[in-house]
Amino acid sequence: MSKTVGDILIGVLDDLGEAELKKFRRKLCDRKQEPKVRRGIVEKADPVDLVDILTRTFTEDGAVNVAIEVLAAINCQDVAKELMEFKKSPGSCVTSGDRMESATGPTKMNQDKHFVDHHRTALIDRVSQVEPLLDRLLERGIITQNAYSDVKANRTTQNRMRELYDGPLKACGPKGKDIFLDILMEMEPFLISDLKGE
């Protein structure tokens with residue numbers, strides 16, 4: 001049976017000494033990017049609890065990216081490289097993480113439903129910056145010029161978001177949805193944090 005992301009992360013954190021684990025917890029809380037982890041939550045967490053916190057906060061893919069980022073920041077490059085190799089391995093379910101600097105990675109609520117699908121209604125109701133979102137999606141190749149025009153032709157932001165969901169987002173697949181989520185995290189960080197329950 002192949003190892004899960006959680007198994008790999010627990011193994012990596014188990015191998016850290018107590019001093020490194022303490023640095024890991026501290027650096028994790030010091031991250032500037034959203035979503036942030038509160039010090040009180042990780043202060044006494046053992047490796048198993050830390051992995052649970054990481055995957056709940058960042059999802060499995062994001063947890064690997066954040067762990068790599070934090071391990072590199074505390075000068076545990078060998079362990080960070082080990083995680084990077086795991087990400088690249090053919091059996092890994094972790095994607096490449098083109099935007100590792102944001103350390104969010106693709107976000108799935110479970111294996112069947114992507115974060116943006118799970119929160120469809122809330123995103124339709126609450127996303128306020130649809131035009132800049134469309135600009136970025138067009139720039140990244142997620143939507144075509146025609147789809148851009150079709151979405152923009154709608155009068156309300158909710159109808160624009162519905163059109164975006166019913167057309168381009170339905171067709172773009174998980175990678176396109178990952179990019180959509182990355183853009184939303186840049187533009188509407190408080191909304192995404194709220195939906196993640198932070």
Side-chain angles (χ1 to χ4, degrees), residues 1-18 20-119 172-186 189 192-193 195-198:
M1 191 164 110
S2 62
K3 287 189 174 186
T4 66
V5 169
D7 295 335
I8 297 296
L9 287 171
I10 289 169
V12 163
L13 295 179
D14 264 340
D15 289 344
L16 296 179
E18 190 53 46
E20 280 95 8
L21 198 56
K22 188 173 181 178
K23 286 180 193 173
F24 184 92
R25 289 188 205 104
R26 181 181 179 93
K27 195 53 90 172
L28 177 63
C29 295
D30 291 345
R31 288 180 71 251
K32 301 288 184 230
Q33 297 97 331
E34 294 288 338
K36 296 188 179 198
V37 178
R38 294 191 184 101
R39 197 170 307 281
I41 295 173
V42 298
E43 202 167 41
K44 303 226 188 275
D46 65 11
V48 174
D49 293 334
L50 265 176
V51 169
D52 185 46
I53 292 163
L54 283 168
T55 54
R56 272 189 290 124
T57 305
F58 305 104
T59 73
E60 285 190 348
D61 286 357
V64 172
N65 291 336
V66 170
I68 290 168
E69 173 192 321
V70 173
L71 287 165
I74 63 169
N75 293 321
C76 290
Q77 273 83 8
D78 291 343
V79 186
K81 274 185 191 168
E82 182 184 326
L83 270 182
M84 288 179 88
E85 291 304 314
F86 168 72
K87 268 179 55 170
K88 292 176 188 172
S89 68
S92 167
C93 60
V94 180
T95 56
S96 63
D98 298 325
R99 294 183 33 81
M100 198 178 116
E101 72 274 4
S102 73
T104 57
T107 304
K108 294 190 178 181
M109 295 305 294
N110 56 45
Q111 293 293 36
D112 300 327
K113 219 168 192 185
H114 195 283
F115 179 90
V116 298
D117 294 326
H118 185 77
H119 294 288
C172 70
K175 287 197 184 232
K177 289 175 184 176
D178 295 339
I179 293 169
F180 174 66
L181 181 59
D182 281 346
I183 294 167
L184 280 176
M185 289 185 79
E186 287 172 22
I192 300 302
S193 292
L195 293 177
K196 285 185 174 183
E198 286 134 22

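By convention here, the first residue in the shown sequence is residue 1.
Among all heavy-atom pairs drawn from Phe115 and Leu181, the shortest one is CD2-CD1, 3.6 Å. Heavy atoms only, all atoms of each residue included: Leu13 and Leu21 are closest at O-CD1, 4.0 Å. Smallest separation of non-hydrogen atoms from Leu9 and Ala67: CD2-CB, 3.7 Å. When all heavy atoms of Val42 and Arg25 are compared, the pair lying nearest together is O-CD, 2.7 Å.
Side chain of Thr57 to backbone of Leu54: no donor-acceptor contact under 3.5 angstrom is found. With Asp182 contributing its side chain and Ile179 its backbone, the two residues share no donor-acceptor pair below 3.5 Å. Checked by atom type and distance alone, the side chain of Arg31 never pairs as donor or acceptor with a backbone atom of Val37 at under 3.5 Å.
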Quiz prompt | Stepwise salt bridge (Lys or Arg N to Asp or Glu O under 4.0 Å) test for Asp30 and Arg39 | solution = CA-CA 9 Å; Asp30 291 345; Arg39 197 170 307 281; 2.9 Å; yes
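Here Ile74 contributes atom CD1 and Arg26 contributes atom CZ; the two are 12.5 Å apart, rounded to the nearest 0.5 Å. Taken to the nearest 0.5 Å, the CG atom of Asp15 stands 7.0 Å off from the CD atom of Glu82. A distance of 14.5 Å separates CG of Leu16 from NZ of Lys22, quoted to the nearest 0.5 Å. Within the model, atoms CG of Leu28 and CG of Leu71 stand 10.0 Å from one another, a figure rounded to the nearest 0.5 Å. To the nearest 0.5 Å, atoms NE2 (His119) and NE2 (His114) are separated by 11.0 Å. The CE atom of Met84 sits 11.0 Å away from the CD atom of Gln77 when rounded to the nearest 0.5 Å.
In this structure, Leu83 and Val12 have side chains that are in contact, with non-hydrogen atoms separated by less than 4.5 Å. Side-chain contact check for Ser193 versus Lys36: every heavy-atom pair is 4.5 Å or farther apart.
Among residues two or more places apart in sequence or in another chain, the salt bridge (Lys or Arg N to Asp or Glu O under 4.0 Å) test is passed with Lys177 by Asp117. Among residues two or more places apart in sequence or in another chain, the side chain to side chain contact (heavy atoms under 4.5 Å, CB included) test is passed with Ile10 by Asp14, Val48, Val51.
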